[in-house]
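Notes for the one structure printed next.
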Amino acid sequence: MPEPEEPLDPTTVHIGPVALDSEIRDISALGATLRGWLDVPLGAGLFMELGNGQRVEAVIAWRGEQDVGVRFTRPIDVMALITRQLVAQPADRRQMPRVEVRASAWLRKDERFLPATIRNISAGGLQIEGEELPAVHEPVQVFIEGLGVPPGEVIWRRDKVAGIRFERELGWQAILPWVKELHAGRKR
């Protein structure tokens, strides 16, 4: 089952003199996944304009059916990007973008707890990887150290990866400190 559509962050991609509108699906310090096909060879250079006005140099790293992966030539400060994006939004409508992470988690299935890895997280859900994952439409509870995650439902699954939609949104006020702590722990 394909992943459901969620609102994506707009970006403009500059390839030579050509500017193309695209959308950021995932972003990390080292790169991003863009929705849409860019008709340029792997390894081609480009610049991306992020929602906060930052201009980032990148190269095409891979292509899929609907997505293109870009690798930044220098790591970006994702926390600063997220913070700037949040501040730019109206206070009553602030929304965390989907952020790539690698964090250990546990899934509760009946009376058992199964190890898993969080691959990305947003206010509305997360992507998880594990050996034993619930089926599509099954309710699930995910436990992540340092972050209280609401119950959710598996909305898509492919092999050892699944998408979980939360029953209620997880606020940026909870996600941002957790992501900061996660990044700080990796820099030590």
Side-chain angles (χ1 to χ4, degrees), residues 3 6-16 18-89 95-105 115-130 142 144-147 158-164 170 172 174-188:
E3 295 177 47
E6 341 183 325
L8 305 176
D9 296 321
T11 186
T12 301
V13 177
H14 298 269
I15 304 169
V18 177
L20 304 167
D21 290 332
S22 187
E23 295 174 305
I24 299 172
R25 200 175 139 73
D26 293 310
I27 192 163
S28 72
L30 301 176
T33 302
L34 305 178
R35 172 58 46 99
W37 182 260
L38 298 176
D39 192 18
V40 292
L42 294 177
L46 57 91
F47 286 94
M48 287 175 53
E49 285 181 25
L50 302 178
N52 63 357
Q54 185 179 5
R55 190 172 163 111
V56 180
E57 187 176 358
V59 296
I60 303 289
W62 58 267
R63 276 193 275 234
E65 288 182 30
Q66 297 179 346
D67 298 331
V68 176
V70 298
R71 185 180 69 250
F72 301 141
T73 57
R74 280 183 258 138
I76 66 168
D77 184 347
V78 175
M79 297 316 303
L81 173 66
I82 291 169
T83 302
R84 279 188 224 122
Q85 283 182 303
L86 287 170
V87 169
Q89 297 173 18
Q95 179 98 12
M96 268 297 281
R98 185 183 334 190
V99 180
E100 287 187 39
V101 295
R102 290 291 180 265
S104 297
T117 302
I118 305 300
R119 294 175 59 166
N120 67 49
I121 191 165
S122 70
L126 56 82
Q127 187 180 91
I128 197 160
E129 182 175 12
V142 178
I144 305 171
E145 185 177 341
L147 184 63
R158 278 192 303 278
D159 301 320
K160 297 178 181 182
V161 180
I164 296 172
L170 184 58
W172 63 269
I175 299 172
L176 189 57
W178 177 77
V179 172
K180 282 183 179 179
E181 184 63 31
L182 186 65
H183 282 246
R186 290 203 175 133
K187 291 180 182 177
R188 291 182 193 145

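Reckoned from all heavy atoms, side chains included, excluding hydrogens, waters and symmetry mates.
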Hey, does Val13 have a side-chain heavy atom less than 4.5 Å from the side chain of Val68? no

Over all atoms of both residues, closest heavy-atom pair of Leu30 and Pro75: CD2-CG, 3.9 Å

At what distance, to the nearest 0.5 angstrom, does CD of Glu145 lie from CD of Glu181? 9.5 Å

Residues in side-chain contact (heavy atoms from CB on, under 4.5 Å) with Thr33, at least two apart? Arg25, Asp26, Trp62, Asp67, Glu100

Reported OG1-to-CD distance for the pair Thr117 and Glu129, which is rounded to 0.5 angstrom: 6.0 Å

Minimum heavy-atom distance Val161-Arg119, with the two atoms named: CG2-NH1, 2.8 Å

Distance (rounded to the nearest 0.5 Å) between Arg63 CZ and Leu34 CG: 12.5 Å

Quick one: side-chain contact (heavy atoms from CB on, under 4.5 Å) partners of Ala61, sequence neighbours excluded? Arg71

Going through the checks in order, is the side-chain contact (heavy atoms from CB on, under 4.5 Å) test met by Ile60 and Val70? CA-CA 5 Å; Ile60 303 289; Val70 298; 4.0 Å; yes

Do Ile118 and Val142 have side-chain heavy atoms sitting under 4.5 Å apart? yes

Measure across Ile15 and Gly45 and return the closest heavy-atom pair with its distance rounded to 0.1 Å. CG2-O, 4.2 Å

Where Phe72 and Ala58 come nearest, the two heavy atoms and their spacing: CD2-CB, 3.9 Å

Rounded to the nearest 0.5 Å, what separation is found between the OG atom of Ser104 and the CD1 atom of Ile144? 10.0 Å

Atom CD1 in Ile175, atom OG in Ser122: separation rounded to 0.5 Å? 6.5 Å

Within this structure, what is the CD1-CZ distance for the pair Ile24 and Arg35, rounded to the nearest 0.5 Å? 13.0 Å

Heavy atoms, side chains only, cut-off 4.5 Å: are Leu170 and Ile121 in contact? yes

The criterion is side-chain contact (heavy atoms from CB on, under 4.5 Å); which residues satisfy it with Ala162, sequence neighbours excluded? Ile128, Leu133, Val154, Arg157

